[in-house]
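I have placed the structure first, in the form of structure tokens, so that the comments after it can refer back to it.
What you see is a predicted model, and the numbers here were worked out from it, not measured in a lab. In what follows, every chain begins at residue 1, and chains take the letters A, B, ... in the order their sequences are listed.
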Amino acid sequence: MQGRYARMSDMNLFADFEKRIKTTLEGLELIKAQETPVDLARVTVEPPRDQSHGDVATNAAMVLSKPLGTNPRALAEIIAEALRGDADVSEVSVAGPGFINIRLSTGYWQQLLSAMVSEGLNYGRSKVGAGHKANVEYVSANPTGPMHVGHCRGAVVGDALANLMDFAGYDVTKEYYINDAGSQIDVLARSVFLRYREALGETIGEIPSGLYPGDYLIPVGEALAAEYGPRLHAMPEEEWLPIVKEKSIEMMMALIRDDLAALNVHHDVFYSERTLHANGAQRIRQAINDLTFKGHVYRGTLPPPKGQLPEDWEDREQTLFRSTEVGDDIDRPLIKSDGSYTYFAADVAYFKDKFDRGYDEMIYVLGADHGGYVKRLEAVARAVSDGKAKLTVLLCQLVKLFREGEPVKMSKRSGNFVTLRDVVDEVGRDAVRFMMLYRKSSEPLDFDFAKVTEQSKDNPVFYVQYAHARCASVFRQAKDAFPDLDLATVDLASAAAEISDPNELQLVAKLAEYPRIVEAAAIAQEPHRLAFYLYDLASSFHSHWNKGKENPELRFVNDKNRQLSIARLGLVHAVACVLKSGLAITGTAAPEEMR
RNA sequence: GGUCCCAUAGCUCAGCAGGAUAGAGCGCAGGAUUCCUAAUCCUGAGGCCGAUGGUUCGAAUCCAUCUGGGAUCACCA
């Protein structure tokens, strides 16, 4: 058995057969006879659209017919004949315009299942990302208050993408950029100072407009009062401001980390924008010098904005990044007319820092409202890394909240917005996480509080978790049926090789898609594909379970047939592992029971 | 006005490094079941993949233009 598994060059069935087919092609006389080497890059091996066609399909004949100067059907017949020599192939046929459909032997499926069981939770891991260092930056909410529901989607998508890429072999860092350097931090500090005075017993009345009114700043004021007493009050602003800033940022970040933890989001690196500004903005100066050295920086003026001219528009000379030469629509200011650095300048320095830390793939997960920022970030990547680093921006479209079909209204002004914590507390982190992934991120998402907590098959979160719980339930039943069976020591991997019912082999085929889905989703940076796959797998499992209602022979546990039951436990275990591993990537729990 | 995202069944959406008869859920129409392995199950009808051109043996998928929806435009962060 080990020997058989060793022959499978890859746990990814399709990758395995791609290699086999390409090897077969290279061995064909017709191909060896060509003077110029034949390019096999466009040959793909995929699951056929319709299962009745077979288990594996390849377009080889259609892609190669032109360079070989033959017609696709005839070529397909030649290739098909060669593939029939593979012991794991039970049937090869040619269909349509020249597709080659391959049906695999029962033995192959059995060995594959056996290997899946052996791999357990590692089944599906890939090496496609090996050798790549990826930095996934997400959330990066301003440290001026608790996280708002609008941050949820980016947080979940970024986190799941990072998990997914890790599973696909990338060396991944989850990073959070703390915007702790801008003028909004001054506003924060002044708002907190008011709360500090309040904590000292002063009556502050209504919070002036332009300051943050939220109650969450009260504890910061109290902490300052407890720590400094009235001393801050006696200081001039330039003295108390840094102290209050420091404390405010620290406490706001603690708040945000708590919010993130509630969502099961954990970053590896929290990178402070202030470190770029430290020591006379050393990092930023270096980054700009670097760009200047490469000829990307000049002093000049920008053309006025197109369309409606702002009333306060005036022509000013600034230090500009010639981003138009690296794909941007307009050159971008690095230094303001008053000599201070723009936010964008810090971003250049931040990107350079990431590049210098050795990342070759930077991913920015942003809200759709930052769409206008994408081109300049890409320009930065090209200029700073000389095109060596890949930068991708994932734009998440907005989430609309509903309650029983009615849109939830939010007013930011009153400080009375829906927080991330409100949502997590009400529906649970699993529902939030899974539902945020159950849509392509470039598509707007409707989130209904009632629907996502519904305990029915109409709710994908419940449906997938329920499938996992059912798997656990099978094991509990097995224990009842065979009290002497020691599940800890029984060799499920070997036992699973006896599965032969076509319905069950279909389930194995569904499991066989997992590695392919992982790779495709990681490469496309689309974690939602995994969520859809899990739903699909759960659906196959439930459907098979339902067949057991009609036909007790198909039930997993049959107390009259111990050996068959154990073999089926192997299958159920494989299903449970894939569900659990996939759910873990989405950041959702895989419960043992649903009560 | 420029840029980006989107348009697929009645509804909500998958499908996209081009492939065969375009899928799922809900809803709808029929049928089964009161059983229990755990929150019913099975079957069916729904389509000019926004429009028009182009690339190709082959396009929902790639390119261009257009239409209709959303986002964005700054010495803000």
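- For K440(A), no side-chain nitrogen or oxygen approaches OP1 or OP2 of rC6(B) to under 4.0 Å.
- Regarding R470(A), its CZ atom lies at a distance of 7 Å from the C1' atom of rU37(B), rounded to whole Å.
- Within the 4.5 Å cutoff, side-chain heavy atoms of I256(A) are placed close to those of Y176(A).
- Heavy-atom minimum distance, L534(A) versus G582(A): CD1-C, 3.5 Å.
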Item to complete: Apply side-chain contact (heavy atoms from CB on, under 4.5 Å) to the pair F449(A) and V408(A), showing each step before the final yes or no.
Response: CA-CA 10 Å; F449(A) 283 93; V408(A) 176; 4.3 Å; yes
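- Relative ring orientation between H573(A) and F475(A) is described as perpendicular, the plane-to-plane angle rising above 60° on a 0-90° scale split at 30° and 60°.
- Cation-pi geometry between R332(A) and F321(A) is not met at under 6.0 angstrom from the ring centre and within 45 degrees of the axis.
- Only the P atoms considered, rC41(B) is 32 Å distant from rG50(B), to the nearest whole Å.
- Separation of the P atoms belonging to rU37(B) and rA20(B) is 42 Å when rounded to the nearest angstrom.
- Contact annotation for K66(A): backbone-only contact, meaning every heavy-atom pair under 4.0 Å involves sugar-phosphate atoms and none involves a base.
- The side chain of R439(A) lies closest to rC13(B), out of rC13(B), rU72(B), rC42(B).
- In this pair, H542(A) and Y463(A) present their aromatic rings tilted. The plane angle is within the 30 to 60° band.
- Applying the 4.0 Å criterion to OP1 and OP2 of rC42(B), one finds that K549(A) has every side-chain N and O outside that range.
- A gap of 32 Å separates the P atoms of rC63(B) and rG25(B), to the nearest Å.
- Candidate nucleotides rC5(B), rC13(B), rA77(B) were compared by shortest atom distance to the side chain of E273(A), and rA77(B) ranks first.
- Among the protein residues, S473(A) comes within range of the nucleic acid bases, having at least one heavy atom under 4.0 Å from a base atom.
- Nucleotides rU61(B) and rU52(B) are separated by 12 Å at their P atoms, to the nearest Å.
- Here rC13(B) is the nucleotide among rC13(B), rC5(B), rA20(B) with the atom lying nearest to any side-chain atom of F532(A).
- Side-chain atoms of L395(A) lie closest to rC4(B) of the nucleotides rC36(B), rA77(B), rC4(B).
- Put simply, the side chain of N101(A) and the base of rA20(B) share a donor and an acceptor less than 3.5 Å apart.
- Pairing analysis of RNA chain B (Watson-Crick: purine N1 to pyrimidine N3 plus N6-O4 or O6-N4; G-U wobble: N1-O2 and O6-N3; both under 3.5 Å) yields stems of 3 or more pairs at B:1-5 with B:69-73, B:10-13 with B:23-26, B:28-32 with B:40-44, B:50-54 with B:62-66.
- Using a 4.0 Å cut-off between charged side-chain N and carboxylate O, E513(A) and K510(A) make a salt bridge.
- As a whole-Å value, the separation of L398(A) CG from rU72(B) P is 8 Å.
- Taking the six-membered ring where tryptophan is involved, the planes of F556(A) and F541(A) are essentially parallel, since the angle between them stays under 30° and well short of 60°.
- Within the nucleic acid shown, R555(A) comes within 4.0 Å of at least one base atom, counting heavy atoms only.
- Salt-bridge annotation for E246(A) and R274(A): present, with a side-chain N of the basic residue lying under 4.0 Å from a carboxylate O of the acidic one.
- Between V297(A) and L320(A), every side-chain heavy-atom pair lies at or beyond the 4.5 Å cut-off.
- Residue contacts for R42(A): at a heavy-atom cut-off of 4.0 Å it reaches a base atom on one of the strands shown.
- Ranking rG25(B), rA60(B), rC13(B) by closeness to the R49(A) side chain, first place goes to rA60(B).
- Salt-bridge annotation for D186(A) and K245(A): present, with a side-chain N of the basic residue lying under 4.0 Å from a carboxylate O of the acidic one.
- Which of rA20(B), rC6(B), rU37(B) sits closest to the side chain of S442(A) comes down to rC6(B).
- At the heavy-atom level, Q455(A) lies under 4.0 Å from base atoms of the strands shown.
- Atom-to-atom, CG of D446(A) to C1' of rG70(B) comes out at 13 Å; the value is rounded to the nearest Å.
- Counting non-hydrogen atoms under 4.0 angstrom, A57(A) reaches a base of the nucleic acid.
- Distances shown here put every side-chain N or O of H528(A) at or beyond 4.0 Å from the OP1 or OP2 atom of rC16(B).
- Residues from residues 335-345 of chain A that place a heavy atom under 4.0 Å from any atom of RNA chain B, listed by number: K336(A), S337(A), Y343(A).
- Listed candidates were rA20(B), rA77(B), rC13(B). Nearest to the side chain of Y373(A) is rA77(B).
- Closest to the side chain of R529(A), from the set rA77(B), rA74(B), rA17(B), is rA17(B).
- Residue-level contact check: A368(A) touches the backbone only, with heavy atoms under 4.0 Å from sugar-phosphate atoms and none from bases.
- Among the atoms of the strands shown, only primed sugar atoms or phosphate atoms (P, OP1, OP2) are found under 4.0 Å from some heavy atom of G182(A).
- The side chain of R332(A) sits closest to rA74(B) out of rC41(B), rU3(B), rA74(B).
- Between the CD1 atom of I517(A) and the C1' atom of rG15(B) there is a distance of 11 Å, rounded to whole Å.
- Taking every side-chain heavy atom of D369(A) into account, rA71(B) is the closest of rA71(B), rC13(B), rA77(B).
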